[in-house]
Amino acid sequence: MTILSNSPEGRDIAHHFHGYTNARAHQDVGPMVIDRGEGCYVIDNTGKRYFEAMSGLWSVGLGFSEQRLIDAATRQLERLPFYHNFSHKSHDPAIDLAEKLVSLAPVPMSKVFYTNSGSEANDTVLKMVWYRSNALGQPQRKKVISRLRGYHGVTIASASLTGLPNNHRSFDLPIANVLHTASPHHYRDAHPGEDEEAFSSRLAQELEELILTEGPDTIAAFWGEPIMGAGGVVVPPKGYWAKIQAVLKKYDILLVADEVICGFGRLGTMFGSQAMEMQPDIMMMSKQITSSYLPFSAIMVTDRVFEPIADESNTIGVFGHGFTGGGHPVGAAVALETITIIEERDLVARAAETGAYMQRRLKEMADHPMVGEVRGYGMLGAVELVHDKETKAPYEAPGKLGALVNANLTERGVISRPMIDAMALCPPLISTTQDIDLMVDSLAASIEVVHGTIHG
């Protein structure tokens, strides 16, 4: 198809540098230009309608046309369109939201710090952790541990915490003091005959061995998503978080829960930490906190984290970190309205119910010869594609099956995202069972078409 230079597609190619895109291939392929959104659906500039099975980027929980969020933003823009929280300044939306988040926390939390994205939140937490270690007179305690396949963002520190090769290659990452331990993916990484409980025990043992090798007094914190998102929707195996937390407690290491994808109902609980029985010292939230209508993120910390930092800021005279847009009044107002809607419409319970239906429907594909594993929890899922179920081998090269199925699925009017060969699914919280049926039936049909094409 010829792309005209004066078309939206042509102008995009000429001027727009895309994230997570092959920049050279984009010059030939061009963009899908999305024009508008309606509920769980988006419509491109040709008028084609798509079910958004990824909620945009794991994030538009309330769908694409929630008028109450638009109204909340408009009211706040009219009253106070911007203010900051530096040097003892504040405003009602930031105060109200901080109070609300602390009240919702799955464990007792003390304070909320505002940032603008999940990446900024993770960067900020790393700085907080280092600052706290100095405050405690433990300047050697600067190393942190995250996991292979984990995803925590793309800024220099957060991309270092991320455990995916393409976030490190050619960027000269990870930075020093960021260590990685094993991914909790039983399907790919368990030893032959190793059940989930034994696999979890081995991963906890490997973590402890890493801590002992590095020196327990040098390790400040452990990072983890309750369920891994961009790494392929990896659900932790039986006993995993209990065993990991026992090791962290033994060596007085902070647990940092990245709730950017799992928070605000996605797993059928307000936070993913509740579903996975985690007791974090620090939590980061973004994406669904405003249903992604505005960029916004927040960090919650316990007194165990806050008090030493507060003391150090008193010694120095300032906590020398913050963002112009951190706690932006319009973002905070939209976040408050998002949480209000989630509570009023009981969307957490609805996500648990619809999520259970979604998981049952997805498991219907488990016996297909091209499906290696179906996994998920709540309204978060993945179907991992393989060329050979016995060996779990890919077709030609990793990512080929995912690309083929994704292309067919898009033609059918469903937007997903292949995590290499795992088709990720993260539909809006407002999705109906009919929406789920459309999504699953379309995916099943796409898998069957690709399988038939390959095997002729």
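Just so you know, residue 1 is the first one in the sequence shown, and it goes up from there. The figures that follow rest on heavy atoms only: side chains count, while hydrogens, waters and symmetry mates do not.
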Approximate separation, where rounding is to 0.5 Å, of Thr124 OG1 and Ile299 CD1: 4.5 Å
List the atom pairs, with distances to 0.1 Å, where a side-chain N or O of residues 448-456 and a protein N or O form a donor-acceptor pair under 3.5 Å, not counting sequence neighbours.
from	atom 1	to	atom 2	distance (Å)
Glu448	OE1	His368	NE2	2.7
Thr453	OG1	Val449	O	2.9

Can you spot which of Leu210, Leu203, Leu148 makes a side chain to side chain contact (heavy atoms under 4.5 Å, CB included) with Thr181? Leu210
Take atom NZ of Lys238 as the centre, draw a 6.0 Å sphere, and report whether it contains more than 12 heavy atoms from other residues, nucleotides or ligands. no
Under the criterion side chain to side chain contact (heavy atoms under 4.5 Å, CB included), which of Ile436, Leu347, Thr432, Leu429 is the partner of Thr354? Ile436
Closest non-hydrogen atom pair between Gly272 and Glu259, with its separation: N-OE1, 2.8 Å
Do Tyr20 and Asn166 pair up side chain to side chain, a donor and an acceptor below 3.5 Å, judged on atom types alone? no
Short question: side chain of Asp421, backbone of Gly399 - any donor-acceptor pair under 3.5 Å? yes
Please report the shortest heavy-atom distance between Ile156 and Ser160, naming the atom on each side. O-OG, 2.8 Å
Flag for His26-Asp12: side-chain donor and acceptor within less than 3.5 Å: yes
Under a plain distance cut-off of 3.5 Å, with no hydrogens placed, do Asn122 and Ser158 share a side-chain donor-acceptor pair? no
Tell me the closest heavy-atom pair linking Val60 and Pro428, and the distance in Å. O-CB, 3.6 Å
Between Ser146 and His180, does the side-chain contact (heavy atoms from CB on, under 4.5 Å) criterion hold? Intermediate values first, please. CA-CA 5 Å; Ser146 60; His180 291 90; 3.2 Å; yes
Counting neighbours of CD on Glu344 that are heavy atoms of other residues, nucleotides or ligands and sit closer than 6.0 Å, is the number greater than 12? yes
Tyr293 (side chain) donor-acceptor with Glu66 (main chain) under 3.5 angstrom: yes
Identify the two heavy atoms, one from Glu196 and one from Pro237, that lie closest to each other, and give their separation to 0.1 Å. OE1-CA, 3.4 Å
Among Lys287, Met379, Arg266, side chain to side chain contact (heavy atoms under 4.5 Å, CB included) partner for Cys426: Arg266
When Leu179, Leu161, Asn177, Val125 are each screened for side chain to side chain contact (heavy atoms under 4.5 Å, CB included) with Val144, the one that passes is Leu161
For Arg361 and Glu364, what are the C-alpha separation, side-chain angles and deciding distance, and is it a salt bridge (Lys or Arg N to Asp or Glu O under 4.0 Å)? CA-CA 5 Å; Arg361 287 295 332 269; Glu364 294 172 9; 3.1 Å; yes
Quick one: do Ile342 and Met270 satisfy side-chain contact (heavy atoms from CB on, under 4.5 Å)? Show the steps, please. CA-CA 9 Å; Ile342 289 172; Met270 184 59 78; 4.2 Å; yes
Can you confirm whether more than 12 heavy atoms, excluding those of Glu373, are under 6.0 Å from its CD atom? yes
Please check this pair: side chain of Thr218 against backbone of Gly215, looking for a donor-acceptor N/O pair closer than 3.5 Å. yes
In chain order, what residues pass the salt bridge (Lys or Arg N to Asp or Glu O under 4.0 Å) check against Lys100, with sequence neighbours excluded? Glu343
Please tell me whether Ser117 and Ser286 have a donor and an acceptor in their side chains that are separated by less than 3.5 angstrom. no
Contact list for residues 204-215, test salt bridge (Lys or Arg N to Asp or Glu O under 4.0 Å), sequence neighbours left out: Lys143-Glu214, Arg202-Glu206, Glu208-Lys250
Apply the test side-chain contact (heavy atoms from CB on, under 4.5 Å) to residues Phe64 and Ile43: give CA-CA distance (whole Å), side-chain angles for both, the deciding distance (0.1 Å), then the verdict. CA-CA 11 Å; Phe64 293 85; Ile43 298 94; over 6 Å; no
Taking Gly232's backbone N and O only, do any of them form a donor-acceptor pair with Glu384's side chain (distance below 3.5 Å, no angle check)? no
Minimum heavy-atom separation for Gln245 and Gln279, please, with both atom names. OE1-N, 2.8 Å
Write out all pairs satisfying side chain to side chain donor-acceptor pair (under 3.5 Å) with one or both partners inside residues 300-309, taking only residues at least two apart or from two chains. Ser110-Asp303, Asp252-Arg304, Asp281-Arg304
Is it the case that the side chains of Tyr151 and Asp258 hold a donor-acceptor pair, with the cut-off being a distance below 3.5 Å and no angle test? no
Calculate, to the nearest 0.5 Å, the distance between atoms CZ and CE belonging to Phe271 and Met283 respectively. 4.5 Å
CD-CD distance between Glu52 and Glu38, expressed to the nearest 0.5 angstrom: 13.5 Å
Please check if any side-chain donor atom of Asn167 sits under 3.5 Å from a side-chain acceptor atom of Thr162, or the reverse. no
Would you mind listing every side chain to side chain donor-acceptor pair (under 3.5 Å) that reaches into residues 132-142, with sequence neighbours excluded? Asn134-Lys142, Gln138-Arg141
Is the count of non-hydrogen atoms from other residues, nucleotides or ligands lying under 6.0 Å from Lys389 atom NZ greater than 12? yes
Donor on one side chain, acceptor on other, Ser201 and Lys243, under 3.5 Å: yes
Once rounded to the nearest 0.5 Å, what's the spacing between atom OG of Ser446 and atom CE of Met423? 7.5 Å
Could you name each residue pair satisfying side chain to side chain donor-acceptor pair (under 3.5 Å) that touches residues 392-407, not counting sequence neighbours? Glu396-Lys400
So, Arg147 side chain and Gly163 main chain: donor-acceptor pair closer than 3.5 Å or not? no
Validation row, ring centre Phe296 to ring centre Tyr114 under 6.0 Å: yes
Decide if atom CG of Leu173 counts as having more than 12 heavy atoms of other residues, nucleotides or ligands within a radius under 6.0 Å. yes
Full working for side-chain contact (heavy atoms from CB on, under 4.5 Å) between His321 and Tyr131: CA-CA 11 Å; His321 180 84; Tyr131 195 94; over 6 Å; no
Verify the neighbour count for atom CG of Asp367: are there more than 12 heavy atoms of other residues, nucleotides or ligands below 6.0 Å? no
Does Ile13 CD1 have over 12 foreign heavy atoms under 6.0 Å away? yes
Atom OG1 in Thr290, atom CZ in Phe264: separation rounded to 0.5 Å? 9.5 Å
For the pair Ser297 (side chain) and Asn116 (backbone), establish whether a donor and an acceptor sit closer than 3.5 Å, ignoring hydrogens and angles. yes
Starting at NZ of Lys127, measure out to CG of Asp123 and round the result to the nearest 0.5 Å. 8.5 Å
Neighbour count above 12 (heavy atom, 6.0 Å) for Glu99 CD: no
Hey, does Leu401 have a side-chain heavy atom less than 4.5 Å from the side chain of Pro394? no
Are the side chain of Ser416 and the backbone of Ala424 linked by a donor-acceptor contact shorter than 3.5 Å? yes
Might you point out which heavy atoms bring Met439 and Leu425 nearest each other, and give the distance in Å? SD-CD2, 3.8 Å
